[in-house]
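Notes follow the structure.
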Amino acid sequence: MNLEKLKKIKNRYEALAVEVVNPAVIAKGSEWTKLVKEHAELEPVVVSYDALAKTDAEIEDAKELLKDPSMRELAEIELEELKERRQKIFDELRVLLLPKDPRDGKDVLMEIRAGAGGDEAALFGNRLMRMYKMYAAANRWKVEDIDVNYTELDGVKEAVFSISGSNVFSKLKFESGVHRVQRVPATETQGRVHTSTVTVAVLAEAEEVAVEINEKDLKIDTYRAGGAGGQHVNRTDSAVRITHIPTGIIVQCQDERSQLKNRDKAMRALRAKMYDMLQSKADAEYAKDRKNQVGTGDRSERIRTYNFPQGRVTDHRIGMTIYSLDNFMEGDIGEMLEALRIADQQAKLEG
């Protein structure tokens with residue numbers, strides 16, 4: 001543990017505490033907001049550091065008591081408890097000092113696409129979209145559809161939607177990958193279990209300043225929105241498709257009746273995809289020496305299996321199985337997400 005680094009963090013925290021109440025700084029608006037955020041992020045580290053220093057002082061006092069024969073037995077018990085407390089604080093500090101993912105506090109765009117399995121894959125894609133939206137609702141996050149392509153059977157061939165709220169990316173970032181479902185389709189007359197796949201991608205939304213997009217590099221097309229069974233059909237060319245020519249990235253939005261609103265949503269999706277492209281290069285380098293691949297976001301990797309006949313869901317990265325699939329599909333996925341977060345932290349500590 002680098003105590004000098006911890007002292008510098010505490011000094012910075014104390015300096016920020018003075019700055020954020022300075023009227024001249026408060027008047028600067030966005031700059032003050034950044035300082036308040038930095039102060040809040042440093043607080044858990046400083047609290048743990050102070051607790052460590054206090055515990056160390058108490059340990060020294062207990063060692064002094066060992067010299068007194070009449071207090072020796074009590075001092076030994078207290079010393080053992082203090083050492084356990086110190087180790088716990090020490091471990092907490094190690095986690096707090098891990099490099100932060102700059103995307104953790106960001107909103108996300110989620111992409112769900114049906115893979116192998118035809119109509120059954122599309123139907124499960126719709127179930128997954130519903131699952132994430134229910135989890136978002138439980139966290140009081142805001143969900144907006146950007147582009148949802150339904151099938152005749154009410155499946156989802158592909159869907160793009162945004163989720164906004166507090167630390168959304170930090171909670172959902174491990175969901176990227178191939179989700180496999182094993183169940184008997186409604187159209188199966190012999191009762192045979194089929195296996196289908198759906199891919200999920202979680203992209204952190206990027207501010208305009210984070211990704212530079214030249215308007216000259218964009219090809220923007222408008223078209224009439226439509227969908228299976230007449231869904232979302234309108235009679236104006238309100239849907240928008242944007243192609244970023246240098247990268248070949250294509251995004252589209254037909255959720256709104258206003259072409260202007262659809263263009264704005266499509267640009268958000270484009271920024272997120274370009275930001276993700278830049279981040280994926282850094283992630284690939286980081287993952288080279290990682291023993292645990294939880295946080296790599298490899299979308300070609302089968303990460304989870306949903307087995308309906310046995311009522312269980314298994315995450316293959318951490319070997320965790322939950323035997324309440326019905327609840328899981330209703331958005332009760334917090335336990336799994338927390339286990340993935342802890343596994344990722346542990347891998348970083350060991351690596």
Side-chain angles (χ1 to χ4, degrees), residues 29-30 33-34 37 102-113 125-126 128-130 132-133 135-137 139-150 156-173 175-176 199-228 230-280:
S30 60
T33 302
K34 289 180 181 178
K37 184 179 179 182
R103 298 166 292 177
D104 274 352
K106 295 186 180 297
D107 299 335
V108 306
L109 260 72
M110 293 199 78
E111 295 183 344
I112 294 177
R113 286 185 168 80
N126 199 350
L128 279 183
M129 180 173 71
R130 179 176 177 273
Y132 290 124
K133 287 183 175 182
Y135 178 70
N139 283 277
R140 297 183 179 179
W141 294 338
K142 180 183 178 182
V143 178
E144 286 185 282
D145 286 344
I146 292 178
D147 188 38
V148 182
N149 186 352
Y150 291 96
V156 168
K157 186 176 180 182
E158 56 185 356
V160 181
F161 54 96
S162 67
I163 303 179
S164 309
S166 176
N167 297 313
V168 180
F169 186 79
S170 68
K171 298 281 182 68
L172 293 174
K173 62 183 176 181
E175 292 302 286
S176 290
T199 60
V200 173
V202 181
L203 292 76
E205 284 217 51
E207 296 86 359
E208 289 188 41
V209 294
V211 178
E212 186 176 344
I213 299 176
N214 192 326
E215 288 283 337
K216 295 179 181 179
D217 293 333
L218 303 179
K219 180 176 181 290
I220 302 177
D221 300 305
T222 58
Y223 59 98
R224 195 162 297 175
Q231 293 183 39
H232 311 297
V233 173
N234 62 52
R235 299 187 179 187
T236 61
D237 293 339
S238 62
V240 175
R241 181 186 297 110
I242 301 177
T243 304
H244 185 250
I245 298 169
T247 61
I249 294 174
I250 300 173
V251 294
Q252 59 189 34
C253 180
Q254 62 173 353
D255 184 63
E256 301 286 349
R257 293 189 179 275
S258 160
Q259 186 182 117
L260 191 62
K261 289 181 179 179
N262 281 331
R263 188 183 189 281
D264 180 60
K265 283 188 176 183
M267 285 298 295
R268 282 169 55 194
L270 178 60
R271 279 194 294 271
K273 287 201 170 195
M274 292 183 68
Y275 184 58
D276 181 66
M277 184 177 67
L278 295 171
Q279 282 289 334
S280 63

* Heavy-atom side-chain proximity of Tyr132 to Val143 below 4.5 angstrom -> no
* **Distance (rounded to the nearest 0.5 Å) between Met129 CE and Asn126 CG** => 4.5 Å
* To do: Give, for atom NZ of Lys37 and atom NZ of Lys34, the distance between the pair rounded to the nearest 0.5 Å.
  => 9.5 Å
* **Minimal non-hydrogen separation, Pro102 against Lys106, with atom names** => O-CE, 3.9 Å
* Where is the tightest heavy-atom contact between Leu172 and Val202, given as atom of each residue plus distance? -> O-CG2, 3.4 Å
* Asked: Say you draw a straight line from CG of Asn139 to NZ of Lys171; how long is it, rounded to the nearest 0.5 Å?
  -> 5.0 Å
* **Point-to-point distance, once rounded to the nearest 0.5 Å, from CD1 of Ile112 to CD of Glu175** => 9.5 Å
* Apply salt bridge (charged side-chain N to carboxylate O under 4.0 Å, His left out) to Lys219 and list each qualifying residue two or more places apart in sequence or on a separate chain. => Asp221
* **Shortest non-hydrogen contact between Leu109 and Ser162, atoms and distance** => CD1-CB, 4.1 Å
* To do: Apply ring-ring contact (aromatic ring centres under 6.0 Å, His included) to Tyr135 and list each qualifying residue two or more places apart in sequence or on a separate chain.
  => Trp141
* Look up atom CE in Met110 and atom CD1 in Ile146, then write down how far apart they are to the nearest 0.5 Å. => 12.0 Å
* Are Leu203 and Tyr275 side-chain neighbours, meaning at least one heavy-atom pair lies under 4.5 Å? -> no
Could you pull out every donor-acceptor pair under 3.5 Å between side chains of residues 241-253 and any protein atom, sequence neighbours left out?
{"from": "Arg241", "atom 1": "NE", "to": "Gln252", "atom 2": "OE1", "distance (Å)": "3.3"}
{"from": "His244", "atom 1": "ND1", "to": "Thr247", "atom 2": "OG1", "distance (Å)": "2.7"}
{"from": "Thr247", "atom 1": "OG1", "to": "Ile249", "atom 2": "N", "distance (Å)": "3.3"}
{"from": "Gln252", "atom 1": "NE2", "to": "Asp147", "atom 2": "OD2", "distance (Å)": "3.0"}

* To do: Heavy atoms only: give me the nearest Ala272-Glu205 pair and the separation to one decimal.
  => CB-CA, 4.2 Å
* Asked: What pair of heavy atoms forms the shortest contact from Asp145 to Phe161, and how long is it?
  -> OD1-CB, 3.7 Å
* **Val240 and Lys265, any side-chain heavy atoms less than 4.5 Å apart** => no
* To do: Could you check Lys273 against Asp276 for side-chain contact (heavy atoms from CB on, under 4.5 Å), going step by step and ending with a plain yes or no?
  => CA-CA 5 Å; Lys273 287 201 170 195; Asp276 181 66; 5.5 Å; no
* Return yes if some donor-acceptor pair links the side-chain N/O of Asp107 with the main-chain N/O of Gly165 below 3.5 Å, else return no. => yes
* Residues Asp104 and Lys173 bridged, charged N to O under 4.0 Å -> yes
* Asked: Does atom NZ of Lys133 have more than 12 heavy-atom neighbours, drawn from other residues, nucleotides or ligands, at distances under 6.0 Å?
  -> yes
* Of all heavy-atom pairs between Glu144 and Arg268, which one has the smallest distance, and what is that distance? -> OE1-NH1, 3.4 Å
